Amino acid sequence: MTAVSATPSSRASLSLSGRPQAAARLCRLQRIAVPIQQSKRASVAATGRASRLQVRVQAAGKNGSSSSPAAAGDAQYDYDLIIIGCGVGGHGAGLHAVECGMKVAIIEGHDIGGTCVNRGCVPSKALLAASNEVRKLRDTHHQKTLGIQLNGVATFDRQAIADHATNLASTIQGSLQRSLESLGVTILKGQAKLTGPNSVSYGLPGRVDVGGTATAKNIIIATGSVPFVPGGIEVDGKTVFTSDHALKMEWLPNWIAIIGSGYIGLEFSDVYTALGCEVTFVEALPNIMPGFDREIAKLAQRLLINGRPIDFHTNVIASKVTPGVPGVKPVKIELTDFTTKEVVEELEVDACLVATGRSPYTNGLNLGSVGVATDRRGFVPVDDKMQVLDSNNKPVPGLYCIGDANGKYMLAHAASAQGIAAVECMCGRDRVVNHQAVPAACFTHPEVSFVGLTEDAAREKAEKEGWADKLAVSKTYYKGNSKSLAELEGDGMAKMMYRKDSGEILGVHMIGLHSADNIHEFSNAMNMGQSLRELKFNVHAHPTVAEVNEELIRHAQLDPAGAPAPAAAKQAVAA
Ligand SMILES: Cc1cc2nc3c(=O)[nH]c(=O)nc-3n(C[C@H](O)[C@H](O)[C@H](O)COP(=O)(O)OP(=O)(O)OC[C@H]3O[C@@H](n4cnc5c(N)ncnc54)[C@H](O)[C@@H]3O)c2cc1C
Ligand SMILES: NC(=O)c1ccc[n+]([C@@H]2O[C@H](COP(=O)([O-])OP(=O)(O)OC[C@H]3O[C@@H](n4cnc5c(N)ncnc54)[C@H](O)[C@@H]3O)[C@@H](O)[C@H]2O)c1
């Protein structure tokens, strides 16, 4: 077996999702004293994209010591855990497994950090940050009200903004790699596939010097996703592209059509309009921003669409998209009515961003070798513990799948949380992620965030379960929040669905300044099964946007004390 490993060092490094930094983890590690054996070494310099991985080849020895006998210490395997895919899901699982005393290898076929770091969350947030500065500087009313006069129009350097995104991605990628290296996680380079219940092989096409086989007691599939492009849409990467290309921001079209008004479409519309482009949304469903709570979507339409150079077509699908030539030939988009299936219009635009969701990246994993088949869309079937299910719906011992590849909740922090839960299960401390308490945010300006049920879903649930009279909605507006007003960002609202009798929070939805940060008070409360009765005693610093939360909680009208407590936290489930 050929393994590529890094030597443990005392280097501290960043960690995504605000989890403790590697230095802190190292302290805990010293207590559990994981020995890393290094027997055979040779140097491999990877080329191309892989060149950032300057790593050393090591034939892995066996680590017999573990804080968790249930998970580790089985001498018949090379590792306690092999993770296929080093995105945020694989990274989070890897760090936690080391903390649990496991000997871990992670196999990455492309670039460390996966979608989030290289082609997702990180570069998109860099573009959003830079473009929003431009929007603010160009908003003369905003500046004048703050008492600022700018002599001349703010200009920007497109390439420099694009570089900010690229540089940030490589900085975070380096941090992720170092955090694994410093904890002694073995990093293997190559495209991996299962070769049996506890074994994998890996390699890179055309590279005989990279690759090998390895065995482990547990394997986690964390192979993520790629853009989904519906049939009839021809992507040329120049005039018709997905987020993978758009993040490079190689040029700025005057007029761009965005197919899909989900997370990616909305965030890019924020970037493009701030930088002076006009946007046309094409959305298959009857309403724009169909994933949001209806009332929040209505306000989002006012704040994020109506006041900007954006128009939209709903209930139509982009049935055919033909690339153009910049400045010479337009991109042609054929629109078909979603209901009647008749072609209704043809658009001619400078460019087209296809933001119609993502497909799991699970091809070539050889799942059949362990009796597993993906579902029709390619997702790997799993149970609540993230254990992979075989064709008879039975968990395959020691095989887990986390993150975008299982399709449960395609968000970076959900992938990481699932990875941690899977490792806990391997250690005999069964844990499932309560996806109802996982927050989500769209990083437009202002931000939209939510956790749990929408108002419509909460009403449906209450009626079905016979407690409609106990459902209540609390609302508050950012125009009453001092901090938001000081920043001239008083547009926005927050709403919360809850049970009057138990004080259970069912869902919270916000649009407003820093709402992506503010949602955590509620998601954490929901995860811990806290009642609004307890939250009423939370103290919030003044003046902060967090006081929006205080208002939301204060406005909740609960039945007199003594009513039943909410259901216990679902997050920790006994085996
Ligand atoms: C433009 C954009 C913006 C986004 N913004 C956000 C955001 O703000 N917040 C948020 O929470 N989420 C965001 N997401 C979603 C987020 O990026 C994903 O949910 C997250 O990256 C999923 O993590 P993962 O670990 O499951 O998979 P990935 O990050 O996709 O990582 C999978 C890794 O596995 C590797 N791999 C695949 N197959 C193999 C194989 N056979 N062998 C070896 N390696 C393999 C891949 O190369 C990849 O590195 C965004 C996505 C996009 C596209
Ligand atoms: N801030 C964040 O957390 C963030 C940001 C970006 C992406 N993401 C993740 O990335 C994933 C992909 O994002 P996305 O925006 O591509 O998907 P999405 O599922 O959020 O939205 C896709 C939209 O495209 C529409 N659509 C699909 N096919 C269409 C067609 N042929 N014509 C017209 N409309 C069509 C759908 O109705 C939907 O509204 C999301 O699941 C999300 O989890 C998250």
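Side-chain atoms are counted along with the backbone in the values below, which use heavy atoms only and exclude waters and symmetry mates. Remember, it's 1-based here, ligands and their atoms both numbered in the order they're listed. Keep in mind that this is a model prediction, so the values were computed, not measured.
Looking only at protein heavy atoms, the nearest one to atom 21 (O) of ligand 2 is Gly262 CA, 3.4 Å. For atom 7 (C) of ligand 2, the nearest protein heavy atom (residue, atom name, distance) is Ile264 CG1, 3.3 Å. Protein heavy atom closest to atom 22 (C) of ligand 2, with residue, atom name and distance, is Ala355 O, 3.4 Å. Annotation: atom 34 (N) of ligand 2 to nearest protein heavy atom, Ala284 N, 3.1 Å. Nearest protein heavy-atom contact of atom 16 (O) of ligand 2 is Gly357 N, 2.8 Å. What sits closest to atom 24 (O) of ligand 2 on the protein, heavy atoms only, is Gly260 CA, 3.2 Å.
Here the side chain of Ser319 pairs a donor or acceptor atom with the backbone of Glu334 at under 3.5 angstrom. A donor-acceptor pair is defined here as one N or O able to donate and one able to accept, closer than 3.5 Å; such a pair exists between the side chain of Arg135 and the backbone of Asp270.
Assignment of Ala318 to the shell around ligand 2 is supported, since a heavy atom sits closer than 4.0 Å.
Residue Leu285 has no N or O atom closer than 3.5 Å to an N or O atom of ligand 2. In terms of polar-atom proximity, Ile259 is not counted as a contact of ligand 2, lacking any N or O under 3.5 Å from an N or O of the ligand. Backbone and side-chain nitrogen or oxygen atoms of Leu411 are examined, and none is located within less than 3.5 angstrom of a nitrogen or oxygen of ligand 2. Considering backbone and side-chain atoms together, Arg358 places no N or O closer than 3.5 Å to any N or O of ligand 2. Checked by distance only, ligand 2 and Cys442 stay at 3.5 Å or farther apart across all their nitrogen or oxygen atoms. Below 3.5 Å of separation, one finds no N or O of Pro290 facing any N or O of ligand 2.
When the heavy atoms of Lys125, Met410, Glu283 are ranked by distance to atom 41 (O) of ligand 2, first place goes to Met410. Scanning Tyr263, Phe443, Phe281, Tyr409 for the heavy atom closest to atom 44 (C) of ligand 2 points to Tyr263. Nearest-heavy-atom check against atom 28 (N) of ligand 2 across Thr356, Val229, Val448 picks out Thr356.
Classification of the Phe450-His509 ring pair by plane angle, with boundaries at 30° and 60°, yields parallel.
In this model, a donor atom of one side chain and an acceptor atom of the other lie less than 3.5 Å apart for Thr280 and Asp311. Of the N and O atoms on the side chains of Gln173 and Asn118, at least one donor lies less than 3.5 Å from an acceptor on the other residue.
With a 4.0 Å heavy-atom cut-off, ligand 2 is reached by the side chain of Pro230 but not by its N, CA, C or O. Contacts of Ile233 with ligand 2, taken as heavy-atom pairs under 4.0 Å, are absent altogether.
At a threshold of 4.0 Å, the pair Asp209-Arg207 counts as salt-bridged, since one of the basic side-chain nitrogens sits closer than that to a carboxylate oxygen. Between Lys320 and Glu346 there is no salt bridge, since no side-chain N of the basic residue sits under 4.0 Å from a carboxylate O of the acidic one. The residues Lys189 and Glu108 are annotated as not salt-bridged, no charged nitrogen and carboxylate oxygen being separated by less than 4.0 angstrom. Contact check on Glu455 versus Arg294 returns no salt bridge, with no Lys/Arg side-chain nitrogen under 4.0 Å from an Asp/Glu carboxylate oxygen. Arg377 has a carboxylate O that lies under 4.0 Å from a charged side-chain N of Asp375, or vice versa, which qualifies the two as a salt bridge.
In summary, the atoms of ligand 2 found under 4.0 Å from a heavy atom of Val316, numbered by their order in the structure, are 33 (C). Atom numbering of ligand 2 starts at 1 in the shown order; those under 4.0 Å from a heavy atom of Ala441 are 1 (N), 2 (C), 3 (O). Near Val282, the atoms of ligand 2 lying under 4.0 angstrom from a non-hydrogen atom of the residue are 33 (C), 34 (N).
Taking a heavy-atom cut-off of under 4.0 Å, ligand 1 is surrounded by Ile84, Gly85, Cys86, Gly87, Val88, Gly89, Ile107, Glu108, Gly109, His110, Asp111, Gly114, Thr115, Cys116, Arg119, Gly120, Cys121, Ser124, Lys125, Gly190, Gln191, Ala192, Ala222, Thr223, Gly224, Ser225, Ser243, Ile264, Arg358, Tyr361, Leu365, Gly403, Asp404, Met410, Leu411, Ala412, His413, Ala415, Phe443.
Considering Ile317, Val344, Thr314 in turn, Ile317 is the only one that fulfils the side chain to side chain contact (heavy atoms under 4.5 Å, CB included) rule with Phe338.
Contact annotation: the side chain of Ile84 approaches that of Leu365 to within less than 4.5 Å [non-hydrogen atoms, C-beta and beyond]. Put simply, the side chain of Thr239 reaches to within 4.5 Å of the side chain of Trp251, judged on heavy atoms.
Atom NZ of Lys125 is surrounded by more than 12 heavy atoms from other residues, nucleotides or ligands within 6.0 Å.
Applying the side-chain hydrogen bond (donor to acceptor under 3.5 Å, both in side chains) test to Asn167 and every residue at least two apart in sequence or in another chain returns nothing.
In this structure, Lys238 forms no cation-pi arrangement with Phe241, as its terminal cationic atom is not both closer than 6.0 Å to the ring centre and no more than 45° off the ring axis.
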